Amino acid sequence: QVQLVESGGGLVQAGGSLRLSCAASGRTFSSYAMGWFRQTPGKERTFVATISASGISTDYLDSVKDRFTISRDNAKNMVYLEMSSLKPEDTAVYYCGTRNHYTAPRASSDYRYWGQGTKVTVAS
């Protein structure tokens with residue numbers, strides 16, 4: 001059974017930084033793509049950043065490209081999202097997702113397994 005557990009969210013001032021972590025278990029972590037998505041009330045879950053199984057390929061939402069960094073540690077079954085220069089519009093619940101393939105598309109519908117989410121609030 002695949003399990004994903006996010007942590008690291010919280011309240012931060014605009015311009016600040018946070019590091020989100022996602023611990024994965026239940027299967028061979030290094031074989032599958034991972035992604036970070038976010039959701040605000042009443043809106044759909046949307047793409048933030050994804051990383052291929054090997055970690056070689058990454059993809060970012062344009063608005064976070066120069067501020068966020070996704071990475072993974074396949075030895076520890078962990079994926080991270082380093083967020084800096086945070087803006088109030090980054091406020092959301094952030095979800096870690098994985099899928100049954102090594103490539104990492106942007107569509108949340110391509111991801112089968114999800115964590116419970118971690119809330120990020122950026123105060124202006």
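Computed from a predicted structure; not experimentally measured.
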- Evaluation steps, side chain to side chain contact (heavy atoms under 4.5 Å, CB included), between Tyr60 and Asp66: CA-CA 9 Å; Tyr60 295 92; Asp66 297 324; over 6 Å; no
- Message: Taking NZ in Lys65 as the centre, count heavy atoms belonging to other residues, nucleotides or ligands within less than 6.0 Å. Is the count above 12?
- Response: yes
- Close side-chain approach of Pro105 and Tyr111, heavy atoms under 4.5 Å: yes
- Item | Donor-acceptor under 3.5 Å (Arg72 side chain, Gly55 main chain) | no
- Message: Does any part of the side chain of Leu86, heavy atoms only, come nearer than 4.5 Å to the side chain of Phe68, both counted from C-beta?
- Response: yes
- Which atom pair, heavy atoms only, marks the closest approach of Tyr95 to Gly115? CD2-O, 3.6 Å
- Nearest 0.5 Å, what's the CD-OG distance between Glu82 and Ser71? 6.5 Å
- Item | Considering all heavy atoms, the nearest Val79-Phe29 contact | N-CZ, 4.2 Å
- Query: Can you name the closest pair of heavy atoms from Ala33 and Thr103 and give their distance?
  - Reply: CB-O, 3.0 Å
- Tell me, please, whether Tyr32 has Arg112 positioned over its six-membered ring: NZ or CZ under 6.0 Å from the ring centre and within 45 degrees of its axis? no
- Query: Between Gly8 and Leu18, which heavy-atom pair has the shortest distance, and what is it?
  - Reply: O-CD2, 3.8 Å
- Is there side-chain contact between Arg67 and Met83, with at least one heavy-atom pair below 4.5 Å? no
- Going from CG on Asp59 to CD1 on Ile51, what distance comes out if it is rounded to the nearest 0.5 angstrom? 11.0 Å
- Roughly how far apart are Ser52 OG and His101 NE2, rounded to 0.5 Å? 11.5 Å
- Message: Ignoring hydrogens, what is the shortest heavy-atom contact between Glu6 and Cys96? Give both atom names and the distance.
- Response: OE2-N, 2.8 Å
- Item | Close side-chain approach of Val122 and Pro88, heavy atoms under 4.5 Å | yes
- If you round to the nearest 0.5 Å, how far is CD1 of Ile70 from OG of Ser57? 11.5 Å
- Query: Is Leu20 close to Val120 at the side-chain level, that is, under 4.5 Å between some pair of heavy atoms?
  - Reply: yes
- Task: Without swapping roles, check the side chain of Arg106 against the backbone of Val48 for a donor-acceptor pair under 3.5 Å.
- Result: no
- Check: Leu81 and Met34 side chains under 4.5 Å, non-hydrogen atoms: no
For residues 35-45, which side-chain donor-acceptor pairs fall under 3.5 Å, sequence neighbours excluded?
unit_1 : atom_1 : unit_2 : atom_2 : d
Trp36  : NE1    : Tyr80  : O      : 3.4
Arg38  : NH1    : Asp90  : OD1    : 3.0
Arg38  : NH1    : Tyr94  : OH     : 2.9
Gln39  : OE1    : Arg45  : NE     : 3.4
Gln39  : NE2    : Lys43  : O      : 3.0

- Side-chain heavy atoms under 4.5 angstrom apart, residues restricted to Ile, Leu, Val, Met, Phe, Trp, Tyr: same cluster for Val5 and Val2? no
